[in-house]
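The figures here come from the full heavy-atom set of this structure, side chains too, leaving out hydrogens, waters and symmetry mates.
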Amino acid sequence: FTTLLYTIKFECVMDDEVEAEDSKKLSLTREVKFMMYGFGDDPSPYTQSTALIEDIVLNYINEIALKALNMGKKGKITVEDILFLIRHDPKKHGRVKELLISNDEIKKARKGFEEDKYHF
């Protein structure tokens with residue numbers, strides 16, 4: 001599920017830097033810059049600002065993933081676990097529900113499109 005969290009509608013870019021553990025570090029810098037610009041910041045925000053927001057986002061994702069891991073089935077994270085954790089934040093909860101519904105609609109449309117492709 002951690003992989004799912006890192007790929008949630010972002011085209012995440014993996015850094016080429018190798019850390020001490022020889023693992024790649026996730027970088028959301030590009031996406032954070034776009035979001036900052038979308039919310040009214042400069043097209044080229046300060047690197048320190050971008051790094052701070054990226055750090056906050058990654059820490060939040062990490063916290064939610066760890067909490068969800070500890071509460072659900074051992075070693076598994078489900079969508080229900082995430083919904084349970086954010087149930088007291090109406091904005092986040094509503095947005096997640098909206099994205100889940102949109103995702104289902106897209107899957108149905110793709111399936112319908114592929115079925116139509118074979119029935120000409």
Side-chain angles (χ1 to χ4, degrees):
F1 184 78
T2 305
T3 304
L4 176 64
L5 282 177
Y6 288 119
T7 58
I8 297 178
K9 304 302 175 200
F10 291 120
E11 292 181 19
C12 299
V13 178
M14 296 298 287
D15 282 344
D16 291 330
E17 300 172 9
V18 177
E19 293 192 12
E21 302 168 6
D22 289 41
S23 63
K24 292 189 177 186
K25 180 180 178 252
L26 179 69
S27 175
L28 298 174
T29 304
R30 193 175 106 216
E31 289 77 12
V32 168
K33 282 183 181 181
F34 289 145
M35 288 191 305
M36 288 173 70
Y37 179 64
F39 282 101
D41 204 336
D42 191 69
S44 284
Y46 290 128
T47 307
Q48 297 89 347
S49 299
T50 307
L52 176 64
I53 292 174
E54 180 182 12
D55 189 45
I56 291 168
V57 168
L58 290 175
N59 283 335
Y60 178 76
I61 291 171
N62 221 4
E63 282 180 31
I64 292 291
L66 288 174
K67 286 178 184 176
L69 256 176
N70 291 330
M71 64 177 279
K73 294 180 182 177
K74 190 150 184 130
K76 264 191 164 180
I77 298 176
T78 64
V79 173
E80 289 78 20
D81 295 335
I82 302 298
L83 287 171
F84 181 78
L85 289 171
I86 62 171
R87 70 189 182 281
H88 296 299
D89 188 336
K91 285 184 180 180
K92 287 179 193 165
H93 192 267
R95 181 67 176 147
V96 169
K97 294 288 263 185
E98 181 183 320
L99 289 172
L100 289 171
I101 291 168
S102 296
N103 192 35
D104 286 342
E105 290 172 356
I106 290 170
K107 282 181 183 178
K108 288 177 186 175
R110 284 185 183 151
K111 185 178 179 182
F113 178 73
E114 288 188 9
E115 287 175 1
D116 289 344
K117 187 167 79 171
Y118 296 113
H119 300 306
F120 45 91

Scanning both residues in full, the closest heavy-atom pair of I86 with Y60 reads CG2-OH, 3.8 Å
Working to the nearest 0.5 Å, report the span between NZ of K67 and CG of L69.
-> 13.0 Å
What is the distance from atom CD1 of I61 to atom CD1 of I56, rounded to the nearest 0.5 Å?
-> 12.5 Å
Carefully, step by step, assess V96 and L100 under the rule side chain to side chain contact (heavy atoms under 4.5 Å, CB included).
-> CA-CA 6 Å; V96 169; L100 289 171; 4.0 Å; yes
Just how far is it from atom CG of L85 to atom NE2 of H93, taken to the nearest 0.5 Å?
-> 10.5 Å
If Ile, Leu, Val, Met, Phe, Trp and Tyr residues are connected whenever their side-chain heavy atoms lie under 4.5 Å apart, and connections chain through other members, are L66 and L58 in the same group?
-> no
To the nearest 0.5 Å, how far apart are OG1 in T29 and CD in E54?
-> 3.5 Å
Taking the side chain as C-beta and beyond, is there a heavy-atom pair between L99 and N103 under 4.5 Å?
-> no
Hydrophobic cluster membership, Y37 vs F34, 4.5 Å side-chain cutoff | no
By salt bridge (Lys or Arg N to Asp or Glu O under 4.0 Å), D55 pairs with (sequence neighbours left out) none
Minimum side-chain heavy-atom gap R87-L83 below 4.5 Å | no
Which heavy atom of A65 sits nearest a heavy atom of I77, and at what distance?
-> O-CD1, 3.3 Å
Separation of T50 OG1 from K33 NZ (nearest 0.5 Å) = 5.5 Å
Roughly how far, to the nearest 0.5 Å, is OG1 of T78 from CE of M71?
-> 7.5 Å
By side chain to side chain donor-acceptor pair (under 3.5 Å), E105 pairs with (sequence neighbours left out) none
